[in-house]
Protein chains: 2
Amino acid sequence: MPKDAATPPRRPMRADARRNLERIVAAAGELIAEHGADASLEEVARRAGVGSATLHRHFPSRQALLEAVFKDRVEALCARAGDLLAEPDPGQALSTWLRAVGAHAVANRGLGTSLMRDADPSLGETCHDMITSAGDALLIRARAADAVRPEVTITRLLKLVGAIALATEQDPDGAAEAELLLAIAIDGVRTR
Amino acid sequence: MPKDAATPPRRPMRADARRNLERIVAAAGELIAEHGADASLEEVARRAGVGSATLHRHFPSRQALLEAVFKDRVEALCARAGDLLAEPDPGQALSTWLRAVGAHAVANRGLGTSLMRDADPSLGETCHDMITSAGDALLIRARAADAVRPEVTITRLLKLVGAIALATEQDPDGAAEAELLLAIAIDGVRTR
DNA sequence: AGAGAAACGGGGGGCCACCCCGCTTATGGG
DNA sequence: CCCATAAGCGGGGTGGCCCCCCGTTTCTCT
């Protein structure tokens with residue numbers, strides 16, 4: 001298995017190109033944290049000290065840029081999912097992980113949007129794909145333990161989490177509210 | 001109690017102004033149905049046969065326009081809530097109503113966004129206010145019957161429904177998916 | 001009918017995404 | 001070490017959008 005499946009071209013990237021690319025991702029990270037997922041791409045280029053054309057060449061769509069910005073955070077969540085497979089209670093493990101995903105999605109504005117889209121097939125290994133695989137392992141285990149209802153799929157769960165993150169994004173205390181909404185969704189509205 | 005609390009100005013609106021306003025709302029309704037809540041306002045004005053300045057004079061913000069477009073649909077949902085107060089099972093009544101709200105939110109793109117915002121205080125009686133009051137009656141009854149968990153508030157429920165509608169908006173079969181997600185959220189992820 | 005006010009809308013400013021194309025610069029063979 | 005080559009760059013143009021200013025048109029009341 002290759003160390004990095006996302007770089008199949010044989011010619012290594014030119015040094016300046018890689019440098020610019022890194023600057024762009026860094027600037028985008030800052031601006032997205034400040035202004036959300038629909039931050040101005042021109043401003044990103046400006047802050048990166050790069051022409052807007054360069055940004056568009058490296059990232060043909062906004063989504064592509066978001067993927068690059070959030071990649072490492074998503075990887076962390078995937079790793080977390082792996083750890084939780086060792087947890088004795090499968091239902092609890094899934095629930096814990098979903099809360100972690102929700103927390104990240106709220107903390108990093110725009111991540112929620114990225115997690116929900118499975119659309120664009122030109123982007124190769126997307127955040128959505130990664131997190132789906134990671135979560136699915138947890139879900140399958142929970143289902144085997146009969147801890148989740150049968151119509152629950154990983155796609156639906158992630159959509160739910162992403163939607164909640166999006167909905168609480170401009171709340172004054174979004175993190176706490178998201179936590180609560182997720183708890184309600186997981187345990188149900190009705191009393192048991 | 002006045003029949004229409006939203007028109008306190010004594011001078012009646014000029015005939016042409018009212019005509020334009022109606023045209024704008026109609027055009028906006030069409031375009032929002034086609035392109036979602038972030039349809040181009042210029043295009044709305046164009047289709048209404050009106051200058052863009054006129055649109056902005058009548059509706060100082062996008063949100064104000066959305067409120068006008070969805071007002072009657074929201075009133076229908078409020079009426080539905082009133083009817084459901086007669087339902088014998090309070091928990092069931094609440095759940096039925098939430099599904100109805102979800103269905104409307106999915107069918108009318110952009111409605112979900114409107115229902116969640118309680119922000120702008122300059123807009124008087126907003127859709128959000130109306131639906132909150134209507135739903136609260138159902139929720140209070142359900143809570144009295146001990147049918148819902150205590151941390152559930154009407155604001156949170158509506159946020160949940162709106163978020164789900166938003167998340168399924170670009171799904172191929174959004175309506176069915178939203179229905180399912182809502183069912184999961186209401187009954188909980190876990191088996192009972 | 002005429003005065004006055006209310007409403008209109010063309011057009012301009014500012015911002016943005018996206019792309020074209022002539023110029024710069026890294027790279028690897030000689 | 002040098003230079004040919006092509007990968008990469010970015011200024012500036014295009015078209016779209018939101019929002020507002022202000023001269024002009026249209027309604028309304030007497």
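Quick note on labels: first sequence line is chain A, next is B, and so on, each numbered from 1.
Inspection of the A/D136 and A/S133 side chains reveals no N or O donor paired with an N or O acceptor under 3.5 Å. No side-chain N or O of B/T168 forms a donor-acceptor pair with one of B/D171 less than 3.5 Å apart.
Checked against side chain to side chain contact (heavy atoms under 4.5 Å, CB included), B/L85 has the following partners two or more places apart in sequence or in another chain: B/A137, B/L138, B/R141. Under the side-chain hydrogen bond (donor to acceptor under 3.5 Å, both in side chains) criterion, B/E87 pairs with no residue at all, not counting sequence neighbours.
Atom pair A/M13:CE and D/dG8:P shows a separation of 7 Å (rounding to whole Å applied). Between the CG atom of B/D16 and the P atom of C/dA6 there is a distance of 13 Å, given to the nearest Å.
Pairs passing the salt bridge (Lys or Arg N to Asp or Glu O under 4.0 Å) check and including a residue from residues 48-60 of chain B, sequence neighbours excluded, do not occur. Identified under the salt bridge (Lys or Arg N to Asp or Glu O under 4.0 Å) test for residues 24-34 of chain B, with sequence neighbours left out: B/E30-B/R47, B/E34-B/R47.
Here B/R62 lies in heavy-atom contact (under 4.0 Å) with sugar-phosphate atoms only.
Scanning residues 20-27 of chain A for heavy-atom distances under 4.0 Å to DNA chain C yields an empty list. Contacts between residues 30-42 of chain A and DNA chain C, counted as heavy-atom distances below 4.0 Å, involve A/A39, A/S40, A/L41, A/E42.
OP1 or OP2 of C/dG9 has at least one side-chain nitrogen or oxygen of B/T54 nearer than 4.0 Å. For A/R14 and C/dT25, the shortest distance from a side-chain N or O to OP1 or OP2 is not below 4.0 Å. Side-chain nitrogen and oxygen atoms of A/R57 include at least one within less than 4.0 Å of the OP1 or OP2 phosphate oxygen of D/dC9. In this structure, B/H56 reaches the D/dC19 phosphate: one of its side-chain N or O atoms is under 4.0 Å from OP1 or OP2.
Distances from the side chain of B/A53 to the nucleotides D/dT28, C/dG9, C/dC18 place C/dG9 closest.
A salt bridge links B/E177 with A/R156: the closest approach of a Lys/Arg side-chain nitrogen to an acidic carboxylate oxygen falls below 4.0 angstrom.
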